[in-house]
K.L.:
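A single structure is presented below for examination.
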Number of protein chains: 2
Amino acid sequence: MANSIMDPTDDFVRFPLTGRFLAGRLRHDMSEAEKQKLESLVTETRTLIDGELLVRRGDPCVNTTMLIDGFMLRTLENSERRHAVSFHVPGDFVDLHSFPLGRLDHNIECVGAARVGFVPHALIQEIVNEHPHLARLFWFSTLLDAAMHREWIMTLGQLPVPKRIAHVFAEIWARLDMVGRAFVDGFQTPLRQIDIADMCGATPVHVNRALMQLRKDGIADFRRGEVRVANRAVLESFAEFDPTYLYGSHAEAPVTLRQATR
Amino acid sequence: MANSIMDPTDDFVRFPLTGRFLAGRLRHDMSEAEKQKLESLVTETRTLIDGELLVRRGDPCVNTTMLIDGFMLRTLENSERRHAVSFHVPGDFVDLHSFPLGRLDHNIECVGAARVGFVPHALIQEIVNEHPHLARLFWFSTLLDAAMHREWIMTLGQLPVPKRIAHVFAEIWARLDMVGRAFVDGFQTPLRQIDIADMCGATPVHVNRALMQLRKDGIADFRRGEVRVANRAVLESFAEFDPTYLYGSHAEAPVTLRQATR
DNA sequence: CGCATCCTTGAGGGCCATCAAAATGCGTGG
DNA sequence: CCACGCATTTTGATGGCCCTCAAGGATGCG
C-alpha cells in the first residue's frame, strides 16, 4: 500500500491541482511518483464563471480537464429542454471520456465559479503508452462515471421525485466527503432548484414542493447555497442510497488492481 | 486505415468469436494483428440459458465476457424491483467494466439463450501493458456504455413511456445493424413485455397499453420475438432518436484515435 | 432603489400506477 | 391429439403523482 500511514488530506496540500483525484477511491494505490507525474500533466489553469460551457457536445477535444475547485454538470439537450446526467466535484477529470471517444456526446457546464486545469490529450496518450498502471486508474475513473450513470438510471426509473432529490443530495454529500469538502451536517453547493429539477427529470415547480416536503419531514434542508441534514442515516435510507456504486475505499477494493500496484 | 476495401461482414466469418467487436464503430481502426490477438484471447466458450445470471452484483470478477450470440441485460435491483440499465448485443464485452473496477455494481443476465466467450483478466492486463492501441479500444468500448447510459438517463427523465419504448427499439435496431443482425424492416429480440417495462421504468400493464398504441399508430409492431417497423424514419423521429451517441463510424470518428492507429 | 433572477403558491388535468381478473399462447404429458 | 398448467399478454376501473399555466413574493446586484 503506497501511503497507508499518511493522512490523505496531505495530498490536498502537496498536490494543489490534482491532489483530490480518486481521493477516497483508489488514490491509495498511487505511488508517490505517479502522484507527481499526474500533477505535472496540468499545463495550464483557468477560472470559469457561472454558467460557462467548458465543452460543447460534438466539439473535437484536444484537452482533458481536471476540476480543481467548483461544481460542474454534464448536460444533454432534447427538444428544448436540458437534462443533467451527472455532476462533478473537485478532483474529477470532467471530460476524460473525450480521450478515448474523441468527442463528447454531452455538454459540460459550470454551476457557480470553477477553477480547472488542462491536460493535453497528447500527455494522456503518453501515460497510456508508458504508465499502464496510471492509465488503468484513468480508465477506472471514467468507469466510476458509468457506475454513477447506472445508479441515476435506476433512480429515475424507480423513485418518486422527493426520493430522487434525496438521492442526489446523498450522492453529492458522499462524493464531497471523499475529497474533503463536506461538513459533518451537510455541504455547500451552488445548485439552484432548476438545476436539481434538471438532474431529477422534474419541473422546477414540483422540485420546489418536494424540497419543502423534505424540509418539513426533517430529511434535508436545502437553501440557496447549502444543504443541511439533521440525520444522515434518515436521509440515506429515505433515498434508498447505497454508496457501494461509488467504489469508495471502505468497500472491497478491486483485488487485481491492488496486486498490480507495484 | 486498416481494412477500408474489405467487406466488414468478412470479419464475422473470419473471427467467429470476436468478429463483431466494435463492428460499425472503430473496428476499422484495428489492424489485422490486433484482430487476431483479440480472437486469441477467448480461452473458453459457453452457452447460457434464458434468465441465467452471468455476473452477480458485487461478485469479484476474474474473467471478462464476450457476447458471441444472444441478448443480455445489465440490471440493478432496488426495493424488490428490477431495473435494466442497458442491454447487450453480439460483439459486446458485457462485463469489461469489471477489469478496471474489480467488481461490478450490477447483474448481467441472459434474455433468451446466449453464447459467450471468456477472457481472463490476466490477458486483458497483458494487453494494457503491451498493446496500448488495443487497450485504448477496450477503454473506448466501455465508454460507449457510459454514453448509452447518458442517453437512457435523458430518455427516462424527459420522454413519456411510449417514446421511451420507441427509443429502446431504435437503439436495439441501430446496434444490431452495426453487427449485422438486423432486418431491413425490423429485428428479432427475445425481450418480453416485462423486460421492456424494466428498461423503461414502467409497469408491464402500462407497457402493454403503450405497445398497442405504437402498433395502432403504425410506429412499431412488437410481437413475441420480433419488432417490425413500417417506416424507420417515423420510429426514430417519434422516439427523438439521434444515433450520434452510439459513435458509429458514419459519424465523425475520433481524430486522435485515427492518428494513433499506426 | 429598480430590475433580474430565483423561489413560492394555487388550480386543474393527464399520464401512469395499482389492483384485479380474464384471455391468449406455449410447452409438456397424458 | 387433446388436456392441462404456467407464463405472458390483455382488459377494466380507480386514484395519485406530477405536469402545465399563471401569478405573486423574495433575494441579490448594480
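None of these values were measured; they are calculated from a predicted model.
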K.L.:
Under 4.0 Å, heavy atoms only, any strand: does B:Gly201 hit a base, just the sugar-phosphate, or nothing?
P.N.:
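If one applies the 4.0 Å heavy-atom cut-off, B:Gly201 turns out to touch the sugar-phosphate alone, with no base involved.
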K.L.:
Distance check: side-chain N/O of B:Thr203 vs OP1/OP2 of C:dC16, anything under 4.0 Å?
P.N.:
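No.
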K.L.:
Give a yes or no on whether a salt bridge exists between A:Asp105 and A:Arg74, defined as a side-chain N under 4.0 angstrom from a carboxylate O.
P.N.:
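Answer for the salt bridge query: no.
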K.L.:
With A:Arg181 as the cation and A:Phe12 as the aromatic partner, state whether NZ or CZ is under 6.0 Å from the six-membered ring centre and within 45° of the axis.
P.N.:
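A:Arg181 over A:Phe12 ring: no.
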K.L.:
To the nearest Å, how far apart are A:Leu211 CG and C:dT9 P?
P.N.:
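Distance check: A:Leu211 CG to C:dT9 P gives 12 Å.
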K.L.:
With distance as the sole criterion, is a donor-acceptor pair present between the side chains of A:Glu109 and A:Thr75 under 3.5 Å?
P.N.:
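A donor-acceptor contact under 3.5 Å links the two side chains.
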K.L.:
Start at the 5' end of DNA chain C and walk down; is the nucleotide closest to A:Phe222 or to A:Arg209 reached first?
P.N.:
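With A:Phe222 and A:Arg209 compared, the 5'-side residue is A:Phe222.
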K.L.:
Which nucleotide sits closest to the side chain of B:Arg192: D:dT10, D:dT8, C:dC16?
P.N.:
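Out of D:dT10, D:dT8, C:dC16, the nucleotide with an atom closest to B:Arg192's side chain is D:dT8.
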K.L.:
Can you measure A:Ile49 atom CD1 to D:dC29 atom P for me and round it to whole angstrom units?
P.N.:
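So the CD1-P distance, A:Ile49 to D:dC29, works out to 15 Å.
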K.L.:
With nearest nucleotide decided by heavy atoms, which residue, B:Pro204 or A:Pro160, maps closer to the 5′ end of DNA chain D?
P.N.:
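In this pair, the answer is B:Pro204.
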K.L.:
To the nearest Å, how far apart are A:Leu159 CG and D:dC17 C1'?
P.N.:
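That distance rounds to 14 Å.
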K.L.:
Rounding to a whole Å, what distance do you find between A:His206:NE2 and C:dC16:P?
P.N.:
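Whole-Å distance recorded here is 15 Å.
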K.L.:
Report which part of the nucleic acid B:Ala202 touches: base, sugar-phosphate, or nothing (heavy-atom distance under 4.0 Å, all strands).
P.N.:
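Counting heavy atoms under 4.0 Å across all strands, the contact made by B:Ala202 is with sugar-phosphate only.
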K.L.:
Let me know the distance between CD1 of A:Ile194 and P of C:dA4, rounded to the nearest Å.
P.N.:
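Whole-Å distance recorded here is 17 Å.
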K.L.:
Checking contacts here: which listed nucleotide (D:dC18, D:dT10, C:dA17) is nearest the side-chain heavy atoms of A:Val161?
P.N.:
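Taking heavy atoms from C-beta onward, the closest nucleotide is D:dC18.
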K.L.:
Round to a whole Å and report the spacing from CG of A:Asp195 to P of C:dT5.
P.N.:
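Atom CG in A:Asp195 sits about 15 Å away from atom P in C:dT5.
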K.L.:
Is the shortest side-chain N/O distance from B:Gln193 to OP1 or OP2 of D:dA7 below 4.0 Å?
P.N.:
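It does not, given that no N or O in the side chain of B:Gln193 lies less than 4.0 Å from OP1 or OP2 of D:dA7.
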K.L.:
Could you tell me how far apart A:Leu191 (CG) and C:dC7 (P) are, to the nearest whole angstrom?
P.N.:
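So the CG-P distance, A:Leu191 to C:dC7, works out to 10 Å.
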K.L.:
If you measure only the distance, is there a donor-acceptor pair under 3.5 Å linking the side chains of B:His106 and A:Arg150?
P.N.:
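Their side chains do contain a donor-acceptor pair, which is all the 3.5 Å distance test asks for.
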K.L.:
Any side-chain donor-acceptor pair under 3.5 Å between A:His83 and A:Asn78?
P.N.:
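No, A:Asn78 and A:His83 have no side-chain donor paired with an acceptor closer than 3.5 Å.
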K.L.:
How many whole angstroms separate atom CD of B:Gln213 from atom P of C:dC16?
P.N.:
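Rounded to whole Å, this separation is 11 Å.
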K.L.:
Between A:Met212 and A:Arg224, name the one whose nearest nucleotide on DNA chain C is closer to the 5' end.
P.N.:
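Taking each residue's closest nucleotide, the earlier one in sequence belongs to A:Arg224.
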K.L.:
Under 4.0 Å between a side-chain N/O of A:Asn208 and OP1 or OP2 of C:dT8, yes or no?
P.N.:
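For C:dT8, OP1/OP2 do have a side-chain N/O of A:Asn208 under 4.0 Å.
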